[in-house]
Number of protein chains: 2
Amino acid sequence: MTQDSPASEQTIRASGRRMTMQRVKILEALKRRPGHSTTEQIYAQVCADDASAEMALSTVYRTLDTLTEMGLAVSFSDGGVTTYEWAGDDEPHHHLVCNGCGTTPEIAISALADLVETIEQQHGFAVDLRHMAIRGQCAGCREKSEAPR
Amino acid sequence: MTQDSPASEQTIRASGRRMTMQRVKILEALKRRPGHSTTEQIYAQVCADDASAEMALSTVYRTLDTLTEMGLAVSFSDGGVTTYEWAGDDEPHHHLVCNGCGTTPEIAISALADLVETIEQQHGFAVDLRHMAIRGQCAGCREKSEAPR
DNA sequence: CTCCGTGCAAAGGCTTTGCACACTC
DNA sequence: GAGTGTGCAAAGCCTTTGCACGGAG
């Protein structure tokens, strides 16, 4: 694998799209960020990575949308704001999203395998694990909220 | 259980809030609708239930938010639009949300029990099943989309 | 050279909020 | 009677879109 042409770029070119400087930078930023990121966070990350990077926020919106369409990113909708996450390499991984502190610990795909299979058999429904976020409360927040407000 | 004072009303009163005609009607509409409903759909349902019901859309927003806070409803964020679902009675049930046609077939809670337990044991994470929506493709849409665009 | 992608800025849709009045308790 | 909830309407926020220019192929 060539360092200057990661798989993601190949994928983009293969789809008939063009590799622009903006897309390269957004891809880098997306890969760099752990967990979910809002469009604006990615935009900020791009600026942080390269202060001389002139980019419009709308470009980030469009690019993220494109990447999601191509499966290189996955999107989530959390309370009116859409977040994205890199999904180009390795297996899809899933997050537990804590309603309290917002942390997103990962869980192994194996934990979900049974569920997916069951659903597929019983309903003929093909689960898209990439879009799966499981909400709840992490260990830390559980302790704190023994006494809910 | 009194017909005129369902548990949901008791809950509302118990929290120190007032039972207004608007809340009653929104509750009814919410209970009546299957699956997820947008704020506007619930608003429309209220109007349908009682044509003489004067109500502002903002009231529906506020009420739905309140009900969610109290656990009588659960909310989902699907692509910029928030949807709600009644969650006051019976066990929490979960939906498969088809990315294709938008249908939301239910799945039995038992299918998730193992997953929940596993996550709890491995991560100390308390899964909130009420907020769980599993996305993917239903049987019908799978057939149609054998050839993705 | 051709055409896609970008920047800029305005429009758009959903949701929230301030204020005065009505209604619940 | 006291205070919450509502209606109305405007403001707010995130996101999308139109247009002309610039860069990729």
Side-chain angles (χ1 to χ4, degrees), chain A residues 4-5 8-30 36-47 50-70 72-73 75-84, chain B residues 4-5 8-30 36-47 50-70 72-73 75-84:
Chain A
D4 296 314
S5 302
S8 48
E9 298 197 6
Q10 307 291 354
T11 305
I12 290 177
R13 285 183 209 283
S15 74
R17 296 169 210 268
R18 297 177 178 174
M19 269 315 300
T20 63
M21 182 180 51
Q22 287 87 340
R23 285 183 177 170
V24 172
K25 287 180 175 160
I26 290 173
L27 273 169
E28 281 177 7
L30 189 63
H36 311 128
S37 306
T38 65
T39 305
E40 205 151 346
Q41 287 175 323
I42 292 170
Y43 174 68
Q45 178 83 54
V46 171
C47 297
D50 180 356
S52 66
E54 288 295 316
M55 191 175 312
L57 187 56
S58 58
T59 298
V60 183
Y61 274 104
R62 281 189 280 227
T63 301
L64 252 21
D65 195 48
T66 302
L67 294 178
T68 302
E69 258 183 31
M70 302 178 56
L72 291 174
S75 67
F76 300 85
S77 298
D78 297 309
V81 186
T82 305
T83 55
Y84 295 86
Chain B
D4 295 313
S5 301
S8 46
E9 298 197 8
Q10 306 292 354
T11 307
I12 289 176
R13 286 182 209 280
S15 74
R17 297 168 210 267
R18 297 176 180 176
M19 269 316 299
T20 63
M21 180 181 53
Q22 288 87 341
R23 286 183 176 170
V24 172
K25 287 181 175 160
I26 290 174
L27 273 169
E28 280 178 8
L30 189 63
H36 311 128
S37 307
T38 64
T39 304
E40 206 150 347
Q41 287 175 322
I42 292 171
Y43 174 69
Q45 178 82 55
V46 170
C47 297
D50 181 357
S52 66
E54 289 296 315
M55 191 176 309
L57 188 54
S58 58
T59 298
V60 183
Y61 274 103
R62 280 187 281 225
T63 301
L64 251 19
D65 196 48
T66 301
L67 294 178
T68 301
E69 257 183 31
M70 302 180 55
L72 290 175
S75 67
F76 299 85
S77 299
D78 296 310
V81 186
T82 306
T83 56
Y84 296 85

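Below, chains carry the letters A, B, ... as their sequence lines are ordered, and counting in each starts from 1. No hydrogens, no waters, no symmetry mates; every other heavy atom, side chains included, goes into these values.
Atom pair Ile26(A):CD1 and dT6(C):P shows a separation of 7 Å (rounding to whole Å applied). If you take CG of Leu64(B) and P of dG5(D), they are 15 Å apart, rounded to a whole angstrom. Counting to the nearest Å, the P atom of dA9(D) and the CD atom of Glu54(B) are 12 Å from each other. Separating the CE atom of Met21(B) from the P atom of dC21(C) is a distance of 19 Å, rounded to the nearest angstrom. The CE-P distance, from Met19(B) to dT4(D), rounds to 17 Å in whole Å. Between the P atom of dA24(D) and the NZ atom of Lys25(A) lies a distance of 11 Å, rounded to the nearest Å. The separation between Ile12(B) atom CD1 and dC23(C) atom C1' is 16 Å, rounded to whole Å. Rounded to an integer number of Å, the gap from Gln10(A) CD to dG25(D) P is 12 Å.
Taking the C1' atoms of five terminal pairs at each end of the helix from dC1(C)-dG25(D) to dC25(C)-dG1(D), the two resulting helix axes are inclined by 40°, rounded to 10°.
In terms of heavy atoms, Val46(B) sits closest to Met55(B) at CG1-CE, 3.5 Å. Arg23(B) approaches Thr63(B) most closely through the heavy-atom pair CG-CG2, 4.0 Å.
Distance NZ/Lys25(B) to CD/Gln45(B): 13.0 Å, rounded to 0.5 Å. Here the CG atom belonging to Leu72(B) is positioned 5.0 Å from the OG1 atom belonging to Thr11(B), to the nearest 0.5 angstrom. Separating the OG1 atom in Thr38(B) from the CZ atom in Phe76(B) is a distance of 14.0 Å, to the nearest 0.5 Å.
For dC3(C), its base sits under 3.5 Å from the side chain of Arg18(A) at one donor and acceptor pair at least.
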Checklist entry - When every nucleotide of nucleotides 12-17 of chain C is labelled 5' to 3' by its protein contacts under 4.0 Å (heavy atoms), B for base, S for sugar-phosphate only, - for none, what sequence of letters results? => result --SBBB

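Residues Ser37(A) and Tyr84(A) form no side-chain contact, since every pair of their non-hydrogen atoms from C-beta on lies 4.5 Å or further apart. Considering only heavy atoms from C-beta on, Val81(B) stays 4.5 Å or farther from Thr39(B) through its side chain.
Here the side chain of Arg23(A) is nearest to one of dG7(C), dC25(C), dG5(C), namely dG5(C).
For Thr59(B) and dG5(D), the shortest distance from a side-chain N or O to OP1 or OP2 is not below 4.0 Å. For the OP1/OP2 pair of dG7(D) and a distance below 4.0 Å, the side-chain nitrogens and oxygens of Gln22(B) include at least one atom meeting the criterion.
For Arg13(B) (side chain) and Met19(B) (main-chain N/O), no donor-acceptor pair under 3.5 Å exists by modelled atom type.
Remark: the Ser15(B) side chain and the Arg17(B) side chain contain an N/O donor-acceptor pair separated by less than 3.5 Å.
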